[in-house]
Amino acid sequence: MWSFSVDAYYGPVLHHPRLKFVFGSSAVQALDLVDRQSITLISSPSGRRVYQVLGSSGKTYTCLASCHYCSCPAFAFSVLWKSDSLLCKHLLAVYLSQVTSTCQQLSVSDKQLTDILLTEKTHEA
Amino acid sequence: MAETLRRVLSSGSAAGTGEGNTTEVGPPLLLLGGPGSGKTALLFASALEAAGEGRGPVLFLTRRPLQSLPRGTRAPLEPLRLQKIRFQYPPSTRELLRFLCSAHEARGPVPSLLLLDGLEEYLAEDPGTQEAAYLAALLLDTAAHFSQVGPGGGCGLIVALQTQEGDSGDALQLALLQRYFPAQCWLQPDALGPGEHCLRACLEPGGRGPRAEWWVAFRPDGEMTITPCPHQPSNPSSDKGSSSGGQP
């Protein structure tokens with residue numbers, strides 16, 4: 001079983017030729033998301049942070065900063081249930097944008113950050 | 001928070017001053033066992049241990065107030081320590097999620113340890129895969145935030161989950177939770193141990209250090225004593241049950 005330690009995945013991410021081998025088609029889609037500046041790092045005065053990714057369908061998904069979680073249906077299906085993927089394309093895009101420093105940044109209030117964390121749970125397929 | 005639990009279990013045996021002054025918290029830990037296997041007592045012992053370390057307060061989340069304070073823990077039930085344990089009683093999953101999502105809004109000293117008792121009760125309300133993952137992930141995220149903004153040493157996380165014999169429907173959920181919690185401690189009845197009501201605690205520290213086992217015994221008056229098992233395991237033992245979640 002793979003654990004969700006974020007550090008474990010920086011290695012393969014940095015070796016570009018291996019991206020497609022390790023992550024399959026998610027790699028290309030993730031790079032596309034990075035190119036389109038679709039990843040935003042949201043932070044509040046408290047220091048807590050969360051990521052949001054504007055998906056190709058126009059929907060916004062929330063990814064946690066500290067561990068592997070994305071609100072998209074593919075994460076629930078392929079990663080959690082079927083266990084045949086390590087990451088969804090949104091999480092991979094988040095890590096790529098961290099490594100390449102291409103995140104957008106957004107500051108919100110502490111209360112707004114609470115709302116973002118609370119409401120992301122309700123994304124349906 | 002494998003290291004705090006390890007200190008609690010290790011120092012339950014003879015030698016006086018304990019493990020030295022390391023305050024490293026270790027990875028998030030899942031504490032597993034059937035009903036009445038001592039999870040709450042061990043959580044509380046960890047709370048007392050951390051409360052005595054001179055760092056931030058301890059947050060103890062549980063659905064219902066403890067009926068009585070567990071006894072026989074190594075750390076004394078001093079009022080100063082007890083004052084540092086903040087109990088919260090989220091009555092529903094929604095309230096628990098609200099608490100975790102708004103944890104960064106709270107003012108005051110940053111917690112050094114986050115404990116949750118009875119995860120299974122909160123999961124029962126909302127048994128979907130994504131809901132379970134989100135709750136686990138939010139627990140980790142909250143502890144990570146406290147570690148980030150706290151004075152140093154980090155904030156540990158221990159979550160207790162009640163397991164049932166032979167219920168394969170929960171196997172997927174358990175496997176999912178184990179992916180979020182690198183360290184685990186199993187509590188299982190052990191007829192070979194000392195005392196009438198004795199359990200074997202198997203600590204898998206999640207890559208840091210070897211697996212280790214202790215006997216946790218409860219006397220009829222509720223007093224808890226902890227002794228190391230005489231022989232430490234080399235392979236997973238057969239009495240681990242169906243979902244032992246073999247570590248890679």
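For the numbers below, each heavy atom of this structure counts, side chains included, while hydrogens, waters and symmetry mates do not. All values reported here derive from a predicted model rather than from experimental measurement. In what follows, every chain begins at residue 1, and chains take the letters A, B, ... in the order their sequences are listed.
Between chain A and the residues B:Ala143, B:Ala137, B:Ala144, the largest count of heavy-atom pairs under 4.5 Å involves B:Ala137. Each of A:Val50, A:Asp110, A:Leu64 has some count of heavy-atom pairs under 4.5 Å with chain B, and the biggest count is that of A:Asp110.
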Test log, rule side-chain contact (heavy atoms from CB on, under 4.5 Å), inputs B:Leu138 and A:Tyr69: CA-CA 9 Å; B:Leu138 262 187; A:Tyr69 181 83; over 6 Å; no

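Contacts between B:His145 and chain A at a heavy-atom distance below 4.5 Å involve the side chain alone, from C-beta outward. Looking at A:Ser109, neither its backbone nor its side chain comes within 4.5 Å of chain B, counting heavy atoms on both sides.
Here CG of B:Leu135 is found 5.0 Å from CG of B:Leu139. Values are rounded to the nearest 0.5 Å.
For the pair B:Glu120 and B:Lys39, the salt-bridge criterion is not met [side-chain N within less than 4.0 Å of a carboxylate O].
For the residue pair B:Thr142 / A:Arg48, a side-chain donor-acceptor distance below 3.5 Å is found, with atom types taken as modelled.
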